[in-house]
Engineer: 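Next up is a structure, given as structure tokens.
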Protein chains: 2
Amino acid sequence: MEPGTVESRVHEAMHRLTAAEKRVARGLLANYPTIGFAPVAEFSRQSGASAATALRFVAQLGYGSYPEFQRALRQELEERVKSPLQRGLARPPAPGRDDQFLDRFFHQAVGNLHATARRIPSSEFEAVCARIADGKGACHLFGGRFTDAIAAYTEAHLRLIRPGVRRLDGRASSRNDQLLDVKPGDTAIVFDVRRYDPQLVATAASLAARRVFVVLVTDAWISPVSRHAKIVLPCETGTDRTWDANLVLFATMEALIARTTELCWASASNRMGLGEPS
Amino acid sequence: MEPGTVESRVHEAMHRLTAAEKRVARGLLANYPTIGFAPVAEFSRQSGASAATALRFVAQLGYGSYPEFQRALRQELEERVKSPLQRGLARPPAPGRDDQFLDRFFHQAVGNLHATARRIPSSEFEAVCARIADGKGACHLFGGRFTDAIAAYTEAHLRLIRPGVRRLDGRASSRNDQLLDVKPGDTAIVFDVRRYDPQLVATAASLAARRVFVVLVTDAWISPVSRHAKIVLPCETGTDRTWDANLVLFATMEALIARTTELCWASASNRMGLGEPS
DNA sequence: TAACCTCTGTACCAGTTGTTCCGGAAATGT
DNA sequence: ACATTTCCGGAACAACTGGTACAGAGGTTA
């Protein structure tokens, strides 16, 4: 029998699997390796497939029988338990192939996350969350070409936990109709990353002139919007590729959403009961 | 059944065990818990006892049958393998210092990223990127209440590297005007996470019926859309908070964007160098 | 639309497993 | 040393598991 862990075999064989067999594969990877120790009936049922399909699946992996498959699983588990330090992420970085793309990309993302956690002072982060949570004044969000989607995501969540949340089109500059119901004491969250958008700066300037508390979420090089911002959350977006990774901005906003939800849990749960979609 | 891990039960029951039963107990503790997943014959042989003795042993532990004993063992292992994700959350019980929030949140995100990299076979990921990069057929994106923002972000990027990218309103179900210019051979990327949206399923079904290649980006529990999907990219979204973290979906799409950009660029230069048709 | 092919679940068979029973061995007390 | 009790393992039995053949469903092509 060829070498390789069961998990690696699943990945390798995935392409030649049929639809139902893939469901079984995903089911195995989902709770790996425990479900593999169950009898075929339970193993297949958990993936919503029939026992026969599960059998064909293990055959595709190269095992002669289901017990043989389980034996391999046991040996593998034994290896992992015997080396207490190898636990977790110590997987051999097999080079050469491009099929490691996801691994490499995520690895880099992890680096960015750590760098960002170091760069953002928790006092700044907390201040933003607290301000949004107290619910005083409206909360306006807007971003640039790509970051607008992040603004939209944040808006969708904040709407559930407090009133007065709205997203305005930052690229339409400082059009008056947008700024009509902006009042002093409001909060604005601006997203701007490299290739900084001049129109965002203009809009932010207008808001700042109206005594709006401006929060800027930007990259490590800091958007010029910072001139008008009370608080800046700089995120590490470094990557060696064509575009920078906005992933960390997204992560920061999701952390902000979670934290803000914690801070005003009472009013949030009130709204969740009412604001469910159709 | 009374509480307690299998291992603790062994220790607790040790005194009332007979000589041969104790050998079995020691054998189990020696390579715990792997040997327990073997059939009784092998399990007992490894301790130099008979099968009958091993059966009496598990009866002494309080289990009604050998399969029941194995089931308990599996559940226990499942808890242990899930714990690494909970380790990031094991810290928070100290609520006095909340200034670690960002650190904790990002730490958990890192765990989710690793889990996702393990769960998504690279062949699946590559298949999606290749299909989008080749530019044949249109590419439709849509998502649910929150994930719609991720669809929008992806759309904004894909528009730059290939034609025929558009986002449709997945929550408007399968309205005909949306499906008018959908052709067989097109590709659709569907986003759906827990609290799965029935309308997304409906839309995906309509697309699949029209021979559209459906790609599903979902969470670890797998949206029912998977029934109509050719490829599924399951992302780990686990968190102990009110909402799951869609961060990993975002990360996966950003990786997809980066990879697809690479592929487009490579194929472009290939055409120039080799003059390869089709 | 119709024919074809692949895929998938059901039904059934065979093999193995778990379980029990009982004879004998070992140990203990008299 | 004998009797009694406890314990152990081999063997028979029954339940269940894994394996396979088959037919229907779904999708693809002409």
Side-chain angles (χ1 to χ4, degrees), chain A residues 13-28 35-74, chain B residues 13-28 35-74 136-137 182-188 204-214 225-232:
Chain A
M14 185 63 88
H15 64 90
R16 59 185 127 118
L17 296 180
T18 66
E21 287 167 3
K22 280 185 184 176
R23 294 217 307 268
V24 178
R26 282 194 293 270
L28 175 59
I35 191 62
F37 293 123
V40 203
E42 186 177 343
F43 175 52
S44 57
R45 192 183 323 133
Q46 185 256 1
S47 312
S50 71
T53 304
L55 270 309
R56 285 188 279 261
F57 165 71
V58 303
Q60 283 294 328
L61 293 187
Y63 299 104
S65 70
Y66 191 73
E68 184 180 332
F69 159 74
Q70 289 188 318
R71 215 171 306 142
L73 223 46
R74 258 182 290 149
Chain B
M14 186 68 87
H15 63 88
R16 59 186 129 126
L17 297 179
T18 68
E21 288 168 2
K22 279 185 183 176
R23 299 213 325 259
V24 177
R26 299 204 165 279
L28 174 59
I35 191 62
F37 293 122
V40 206
E42 186 175 345
F43 176 51
S44 57
R45 193 185 323 135
Q46 184 257 1
S47 311
S50 72
T53 305
L55 267 311
R56 283 188 281 262
F57 165 70
V58 302
Q60 282 297 325
L61 293 187
Y63 298 105
S65 70
Y66 191 72
E68 185 181 330
F69 160 73
Q70 289 188 317
R71 215 171 306 144
L73 223 46
R74 260 182 288 147
K136 295 175 189 166
V182 170
K183 299 185 183 64
D186 284 0
T187 305
S206 302
L207 289 171
R210 291 166 183 248
R211 308 280 150 70
V212 170
F213 190 93
V214 174
V225 169
S226 62
R227 286 197 58 82
H228 309 104
K230 283 281 197 301
I231 289 186
V232 179

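Chain letters run A, B, ... following the sequence lines, proteins first and then strands; every chain starts at 1. Note that this is a predicted model, so its numbers are computed, not measured.
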Engineer: May I have the distance from B:E21 (atom CD) to D:dC8 (atom P), rounded to whole angstrom?
Structural biologist: 6 Å
Engineer: Provide, to the nearest angstrom, the distance between the OH atom belonging to B:Y66 and the C1' atom belonging to C:dT16.
Structural biologist: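 Atom OH in B:Y66 sits about 14 Å away from atom C1' in C:dT16.
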Engineer: May I have the distance from B:F69 (atom CZ) to C:dT19 (atom P), rounded to whole angstrom?
Structural biologist: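 In whole Å, C:dT19 P and B:F69 CZ are 11 Å from each other.
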Engineer: I want to verify a distance call: between D:dT17, D:dC8, C:dG9, whose nearest atom is closest to the A:A52 side chain?
Structural biologist: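 Looking only at heavy atoms from C-beta outward on A:A52, the closest nucleotide is C:dG9.
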Engineer: Taking atom P of D:dT20 as reference, at what distance in whole Å does atom CG of A:L55 sit?
Structural biologist: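 After rounding, the reported distance stands at 8 Å.
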Engineer: Expressed in angstrom and rounded to an integer, what is the separation of B:F37 atom CZ from C:dG18 atom P?
Structural biologist: 14 Å
Engineer: Which pairs would a plain distance check flag for residues 48-55 of chain B, meaning a side-chain donor or acceptor within less than 3.5 Å of a matching protein atom at least two apart in sequence or in another chain?
Structural biologist:
from	atom 1	to	atom 2	distance (Å)
B:S50	OG	B:T53	N	3.4
B:S50	OG	B:T53	OG1	3.1

Engineer: I want to confirm an ordering. Mapping B:R211 and A:A38 to their closest nucleotides on DNA chain D, which one lands closer to the 5' end?
Structural biologist: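 So the residue in question is A:A38.
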Engineer: Tell me which nucleotide among C:dT17, D:dT28, D:dG18 gets nearest to the side chain of A:V40.
Structural biologist: D:dG18
Engineer: Between A:E21 (side chain) and A:L17 (backbone), is there a donor-acceptor pair under 3.5 Å?
Structural biologist: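 A pair under 3.5 Å: no.
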Engineer: Measure the NZ-CZ distance between B:K183 and B:R211 for me, rounded to the nearest 0.5 Å.
Structural biologist: 16.0 Å
Engineer: In this structure, how many angstroms lie between the P atom of D:dG9 and the CZ atom of B:F57, rounded?
Structural biologist: 15 Å
Engineer: From the set D:dG19, C:dT19, D:dG9, return the single nucleotide nearest to any side-chain atom of B:S65.
Structural biologist: C:dT19
Engineer: Taking atom types as they are modelled, would you say the side chain of A:R56 forms a donor-acceptor pair with the base of D:dG19 within the 3.5 Å cutoff?
Structural biologist: no
Engineer: With a 4.0 Å cut-off on heavy atoms, is A:A20 in touch with a base, just the backbone sugar-phosphate, or nothing at all?
Structural biologist: sugar-phosphate
Engineer: Using 30° and 60° as the class limits, which term best fits the ring planes of A:Y66 and A:F43: parallel, tilted or perpendicular?
Structural biologist: tilted
Engineer: Tell me which nucleotide among D:dT17, D:dT28, C:dG9 gets nearest to the side chain of B:K230.
Structural biologist: D:dT28
Engineer: Of the nucleotides C:dT19, C:dT8, D:dC8, which one has an atom closest to the side chain of B:A19?
Structural biologist: D:dC8
Engineer: Return the value, rounded to whole Å, for the distance between atom CZ of B:R45 and atom P of C:dT16.
Structural biologist: 13 Å
Engineer: To the nearest Å, how far apart are A:E68 CD and C:dT16 C1'?
Structural biologist: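 Rounding to the nearest Å, CD of A:E68 and C1' of C:dT16 are 16 Å apart.
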Engineer: Does the distance from a Lys or Arg side-chain N to an Asp or Glu carboxylate O, for B:E42 and A:R74, drop under 4.0 Å?
Structural biologist: yes
Engineer: Answer yes or no: does a side-chain N or O of A:T18 lie under 4.0 Å from OP1 or OP2 of C:dT8?
Structural biologist: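 For C:dT8, OP1 or OP2 has a side-chain N or O of A:T18 closer than 4.0 Å.
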Engineer: Between A:A41 and B:A49, name the one whose nearest nucleotide on DNA chain D is closer to the 5' end.
Structural biologist: B:A49
Engineer: Considering just the side-chain nitrogens and oxygens of A:T53, establish if one lies under 4.0 Å of OP1 or OP2 belonging to C:dC7.
Structural biologist: no
Engineer: Sub-3.5 Å donor-acceptor pair from the side chain of A:Q46 to the main-chain atoms of A:V24, do we have one?
Structural biologist: no
Engineer: Among C:dT19, C:dG9, D:dG19, which nucleotide sits nearest the side chain of A:S50?
Structural biologist: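 Selected nucleotide (nearest to the side chain): C:dG9.
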Engineer: When rounded to the nearest 0.5 angstrom, what is the spacing between CZ in A:R23 and OG in A:S44?
Structural biologist: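 Atom-to-atom, A:R23:CZ and A:S44:OG are 10.5 Å apart.
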Engineer: So, A:Q60 side chain and A:M14 main chain: donor-acceptor pair closer than 3.5 Å or not?
Structural biologist: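 Side chain of A:Q60 to backbone of A:M14, a donor-acceptor pair under 3.5 Å: no, none is there.
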Engineer: Based on the rotation axes of five pairs at each end, what angle does the helix from C:dT1-D:dA30 to C:dT30-D:dA1 bend through, to 10°?
Structural biologist: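 Axis angle across the helix from C:dT1-D:dA30 to C:dT30-D:dA1, nearest 10°: 30°.
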